[in-house]
Colleague: 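Dumping the structure here so I can ask a few things about it.
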Amino acid sequence: QVQLVESGGGLVQAGDSLRLSCAASGRSFNWYTMGWFRRAPGKEREFVAAVSLSPGNTRYSDSVKGRFTISRDNAKNTVYLQMISLKPEDTAVYYCAARRSVVISTANNEYDYWGQGTQVTVSS
């Protein structure tokens, strides 16, 4: 079992930056590919970014590429999502997820554990 707790969400203005954190506890953190997903009001949950067991192996959705950076600190059992140049369309609940695999996936149903989510609201 892996427990995931997100933090760092809030209300910001367009163009601002925000960093989300996801603290993991339970089984060995460095066995898991970690991902961030988001669900905007009235929409399906969508892939945002993921990082494999190796911190340098990352993937991003086209909508956030160049603005968001995912990173992990295996010593702290924590994954981060640094977000810059935020836009109103980034408003969503952001979820952290863990996948017991070295392969990055963008599919919701291929992640084994999920956090409760943290709200990010970007005003125009």
Side-chain angles (χ1 to χ4, degrees):
Q1 286 282 344
V2 175
Q3 292 80 43
L4 303 173
V5 179
E6 303 96 335
S7 62
L11 172 63
V12 296
Q13 294 186 331
D16 284 352
S17 300
L18 207 58
R19 188 176 81 158
L20 305 182
S21 299
C22 173
S25 60
R27 304 292 292 272
S28 297
F29 175 73
N30 57 1
W31 293 357
Y32 291 83
T33 283
M34 300 300 296
W36 285 97
F37 291 75
R38 67 186 181 186
R39 177 181 283 140
K43 295 187 176 181
E44 298 285 321
R45 188 162 58 187
E46 65 173 2
F47 171 78
V48 174
V51 56
S52 183
L53 278 61
S54 169
N57 184 5
T58 58
R59 186 170 178 181
Y60 298 90
S61 68
D62 288 343
S63 62
V64 307
K65 198 174 297 182
R67 298 187 300 121
F68 291 11
T69 303
I70 189 170
S71 61
R72 67 189 296 162
D73 186 335
N74 289 338
K76 295 182 178 180
N77 286 5
T78 301
V79 62
Y80 304 97
L81 186 67
Q82 177 68 51
M83 306 182 292
I84 66 171
S85 301
L86 282 161
K87 305 174 181 179
E89 50 264 43
D90 294 319
T91 295
V93 177
Y94 283 72
Y95 298 90
C96 176
R99 179 171 191 250
R100 181 69 185 270
S101 173
V102 300
V103 178
I104 289 176
S105 172
T106 63
N108 281 269
N109 61 3
E110 293 188 354
Y111 283 76
D112 303 298
Y113 302 100
W114 293 84
Q116 293 299 307
T118 185
Q119 176 71 48
V120 172
T121 303
V122 184
S123 64
S124 58

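Worth saying up front: this structure is predicted, and the values here are computed from it rather than measured.
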Colleague: Which other residues end up in the same hydrophobic cluster as Val103, if Ile, Leu, Val, Met, Phe, Trp and Tyr are linked when side-chain heavy atoms come under 4.5 Å apart?
Modeller: Leu53, Val102

Colleague: So which pairs with a foot in residues 92-107 pass salt bridge (charged side-chain N to carboxylate O under 4.0 Å, His left out), sequence neighbours left out?
Modeller: Arg99-Glu110

Colleague: Quick check: is Ile104 connected to Val51 through a chain of hydrophobic side chains (ILVMFWY, heavy atoms under 4.5 Å apart)?
Modeller: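 No, Val51 does not connect to Ile104 through the hydrophobic network.
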
Colleague: Counting only N and O atoms by type, is there a donor-acceptor contact under 3.5 Å from the side chain of Ser28 to the main-chain atoms of Asn30?
Modeller: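 Answer holds: no.
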
Colleague: Please list all pairs meeting disulfide bond (SG atoms under 2.5 Å apart) that have one or both residues in residues 85-124, counting only residues at least two apart or in different chains.
Modeller: Cys22-Cys96

Colleague: Taking only residues two or more places apart in sequence, or in another chain, which ones meet Gln1 in a side-chain contact (heavy atoms from CB on, under 4.5 Å)?
Modeller: Gln3, Tyr113

Colleague: On a heavy-atom basis, which atom in Leu20 and which in Gly9 lie closest, and how many Å separate them?
Modeller: CD2-N, 3.6 Å

Colleague: Please list all pairs meeting side-chain hydrogen bond (donor to acceptor under 3.5 Å, both in side chains) that have one or both residues in residues 73-88, counting only residues at least two apart or in different chains.
Modeller: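 Checked against side-chain hydrogen bond (donor to acceptor under 3.5 Å, both in side chains) - neighbours excluded - the pairs reaching residues 73-88 are Arg72-Asn74.
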
Colleague: Answer yes or no: is there a side-chain heavy-atom contact under 4.5 Å between Met83 and Asp16?
Modeller: no

Colleague: According to a 4.5 Å side-chain heavy-atom criterion applied to Ile, Leu, Val, Met, Phe, Trp and Tyr, with indirect links allowed, do Met34 and Val64 form part of one hydrophobic cluster?
Modeller: yes

Colleague: Mind jotting down which residue pairs meet the ring-ring contact (aromatic ring centres under 6.0 Å, His included) criterion with at least one end in residues 1-25? Sequence neighbours excluded, please.
Modeller: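 Found none.
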
Colleague: Hey, could you give me the CG/CD distance between Leu81 and Glu6, rounded to the nearest 0.5 Å?
Modeller: 11.0 Å

Colleague: Please list all pairs meeting salt bridge (charged side-chain N to carboxylate O under 4.0 Å, His left out) that have one or both residues in residues 112-124, counting only residues at least two apart or in different chains.
Modeller: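 Output for this query is empty, none listed.
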
Colleague: If a pair satisfies salt bridge (charged side-chain N to carboxylate O under 4.0 Å, His left out) and one of its residues is in residues 48-59, list it, with sequence neighbours excluded.
Modeller: none

Colleague: Got a sec, which pairs hit side-chain hydrogen bond (donor to acceptor under 3.5 Å, both in side chains) with one end in residues 46-58, sequence neighbours left out?
Modeller: Arg38-Glu46

Colleague: Of all heavy-atom pairs between Ser17 and Val12, which one has the smallest distance, and what is that distance?
Modeller: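 Taking every non-hydrogen atom into account, O-CG1, 4.4 Å.
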
Colleague: Work out which heavy atom in Val2 is nearest to a heavy atom in Ala24; give both atom names and the distance.
Modeller: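 In this case the closest contact between Val2 and Ala24 is CG1-CB, 4.3 Å.
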
Colleague: Determine whether the side chains of Glu89 and Thr91 contain a donor N or O and an acceptor N or O closer than 3.5 Å.
Modeller: no

Colleague: Under a single-linkage rule joining Ile, Leu, Val, Met, Phe, Trp and Tyr whose side-chain heavy atoms are separated by less than 4.5 Å, which residues share a cluster with Val93?
Modeller: Phe37, Phe47, Tyr95, Tyr111, Trp114

Colleague: Please report the closest heavy-atom contact between Tyr60 and Thr69, naming both atoms and the distance.
Modeller: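 Reported closest heavy-atom pair: OH-CA, 3.4 Å.
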
Colleague: Quick check: closest heavy atoms across Ser124 and Ala14, and the distance to 0.1 Å?
Modeller: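 Where Ser124 meets Ala14 most closely, the heavy atoms are CA-CB, 4.3 Å.
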
Colleague: Starting from Ile84, walk the hydrophobic network (Ile, Leu, Val, Met, Phe, Trp, Tyr; side-chain heavy atoms closer than 4.5 Å) and list everyone else you reach, by chain and number.
Modeller: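 Besides Ile84, the hydrophobic cluster comprises nothing; the residue is isolated.
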
Colleague: Only counting residues at least two apart or in another chain, list the ones meeting salt bridge (charged side-chain N to carboxylate O under 4.0 Å, His left out) with Arg67.
Modeller: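 Listed in chain order: Asp90.
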
